[in-house]
Protein chains: 2
Amino acid sequence: MGKKKETITIYDVAHEAGVSMATVSRVVNGNPNVKPATRKKVLDVIRRLGYRPNAVARGLASKRTTTVGVVIPDISNAFYAELTRGIEDIATMYHYNIILSNSDLQKDRELQLIETLLEKQVDGLLFLGGEITEAHREIFSATPVPVVLAASRDEKKELPYVTIDQIQASKEATLILGHEGHQHVGFIGGPLTDSVNGYPRYLGYKEALKEMDIAFEEELIRLGDYRYRSGYKAMKELLENRPEITAVFAASDEMAVGALHAALDMGRDVPKDLSVIGFENIPLASQVRPLLSSVGVPMYDIGAVAMRLLTKYMNEEQVETGQVYLPYDIQLRESTRLKEWEEEKE
Amino acid sequence: MGKKKETITIYDVAHEAGVSMATVSRVVNGNPNVKPATRKKVLDVIRRLGYRPNAVARGLASKRTTTVGVVIPDISNAFYAELTRGIEDIATMYHYNIILSNSDLQKDRELQLIETLLEKQVDGLLFLGGEITEAHREIFSATPVPVVLAASRDEKKELPYVTIDQIQASKEATLILGHEGHQHVGFIGGPLTDSVNGYPRYLGYKEALKEMDIAFEEELIRLGDYRYRSGYKAMKELLENRPEITAVFAASDEMAVGALHAALDMGRDVPKDLSVIGFENIPLASQVRPLLSSVGVPMYDIGAVAMRLLTKYMNEEQVETGQVYLPYDIQLRESTRLKEWEEEKE
DNA sequence: ATGAAAGCGCTAACAG
DNA sequence: CTGTTAGCGCTTTCAT
């Protein structure tokens, strides 16, 4: 087994083919300025020797690595996994590879990852989910490497991003509940300190209540961590403290399904006694009974569009707007009673 | 905004600190052979200049990139996402970054990805899920870069891998169904041509039947694609053609949950009329009602152990066995009637 | 269309 | 403990 084979370089190929390194480089890079005959000759030698270009050397010489860094909160989260798939597919399409790393939303880890990625000379950076602090801004603005945020936004609009209008989406979800006639609609959210997801979704809920003249009640609010268990617990408490509650908007599908089950376990019928609507529309929503109604976030598209946007920056193409909001759609299924919904987007 | 800042190199630091490049290199790499005073001086300059080592140059010079390539079937699949998390965590622990790419189990794509990863000079390769063909073997054996398979195995045992004993696990799951007293236990599997997952899981099922003297019936077998819908469809057909069926083993949780719902929709009670057991034990299993019993595959651990094993190879440490089988555990929940199970592993 | 040569930024002997 | 000096393998002017 040829484990010991000497690494063969562009020089070897050049030598063997009787041409210069420059020529080999040209054919490897598809430069048209090579006589077909020589090209063929070189290609043959390449094949015969099993030459494999060294991308690291190439990167050093050309200052392009065709690699982009992706900082993500947690790949084992269905939401981000799907988003990453979108990123990777487009990256592949444009011949980029991605270096993936999980931040768990920890600020210092994020910063450190970005630093490492920059050291590795990535051509671009995709930053997902986390909040943008001054420290982030500083490091981003000090590098020539383009950065695009995905599934989050930069209030100062200094950085390009692609996401959906979370406030509007949450508002609409809550509005739907209101239109079903509920007077007590609860909210199961994420941390309000999470300005990326937690707070906007909460805001949308509040705005909807206001628009419908339903009194906002602190007691109808429960906060979790977006996971199933916390949704279950939240719903249980809600039902215990305010049995008159008949609808709830959850800021994530996992929490919504948790809520669903809590209600079922407490003898409530969904959607007869209680309407539940979730957020994200991950596969889970269509894999439980009753089927969960949910705000459909185009995760794959967010990733794909963000990556596409990044390629434009990397190619120094002109970009009209760096801030893009993708459309979301509300999937009304079995956990709510309303079956149709048409709202004017402003 | 300093976007235009000239890239500052190790030379600049050396010059500014009044030392040689070698010394700067030493402090950057934590080489102890540097007088504390000089170290401090250099460190100060580094900070002041905002010097960031160029990992590409370093990689070229040292022939180590501290990057490993990961070829995965599909990151948006919960199973692989969790596995990847295990990989990444251990990689981080050992200061490696990972380049992730999806193969969708397409042979040529796999091969091409491996090629690209090798061009990028990864220090190691983690290959997930796919079958190992001659072409794979050829390229793997021709490179000095260590390769570890995760969640799949190499029948020829030429390559190291970490996985679980799928045949045994499937057999045990089926055995449980048998011990509940069922005489007609169905099987909802993946493609039998899939020698990594589909076939072994089918084999285990058959072996169990044999051991229990239950006749194997072609009609009780349905094949899907591991996804929810195919499980639903399979169960529906099973119930229509063989209404006497009272138990089914599904080769994936998604299919199992699909089966569960199909049974429910057809008026069966689970587990009173029908026992269902899945495979993988992904979060979904604990997020449906009734809670799904499932063969627990330690996905995170498989990833973590595989990565750990890879680090050993990369460090040229001695490795006892390159073939590791991790333990699985069977989670008996609400979709089966048996609540305890103790089987002697051979 | 092709070649020569100067780097890219860093590591790794080797001296001292 | 520190400096010198070759490269690492490739791209990229600049000539020819």
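Chain letters run A, B, ... following the sequence lines, proteins first and then strands; every chain starts at 1.
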Please report the distance, rounded to the nearest Å, between [atom1] in [X] and [atom2] in [N].
X	N	atom1	atom2	answer
B/H15	C/dG9	NE2	P	16 Å
A/M21	D/dG7	CE	C1'	13 Å
B/K41	D/dT2	NZ	C1'	10 Å
A/I46	D/dC10	CD1	C1'	13 Å
A/L60	C/dG7	CG	P	14 Å
A/I10	C/dC8	CD1	P	18 Å
B/R58	C/dA12	CZ	P	10 Å
A/R64	D/dC10	CZ	C1'	15 Å

Closest nucleotide among D/dT13, C/dC10, D/dC8 to the B/N54 side chain: C/dC10

Among D/dG3, D/dT2, D/dT11, the one nearest B/A22 by side-chain distance: D/dG3

Does [N] have its OP1 or OP2 closer than 4.0 Å to a side-chain nitrogen or oxygen of [X]?
X	N	value
B/Y11	D/dT4	no
A/N29	D/dT11	yes
B/T7	C/dG9	yes
B/S20	D/dT2	no
A/S25	D/dC10	no
B/K63	D/dG9	yes

NZ/NE/NH1/NH2 to OD/OE distance under 4.0 Å, B/D89 and B/R308: no

Salt-bridge criterion met for B/R109 and B/D104 (N-O under 4.0 Å): no

Residue met sooner reading DNA chain D from 5', once B/T38 and B/S62 are mapped to nucleotides: B/T38

Sugar-phosphate only, base, or nothing, as touched by B/V56 at under 4.0 Å among non-hydrogen atoms: nothing

Nearest-nucleotide comparison on DNA chain C, the residue closer to the 5′ end among B/A57 and B/R26: B/A57

Base D/dG9 paired with A/R52 side chain (donor-acceptor, <3.5 Å): no

Centroid-centroid under 6.0 Å between B/Y161 and B/Y325 rings: yes

Donor-acceptor pair between B/K120 and B/T65 side chains, under 3.5 angstrom: no

ring-ring contact (aromatic ring centres under 6.0 Å, His included) against B/Y96, all qualifying residues, sequence neighbours excluded: none

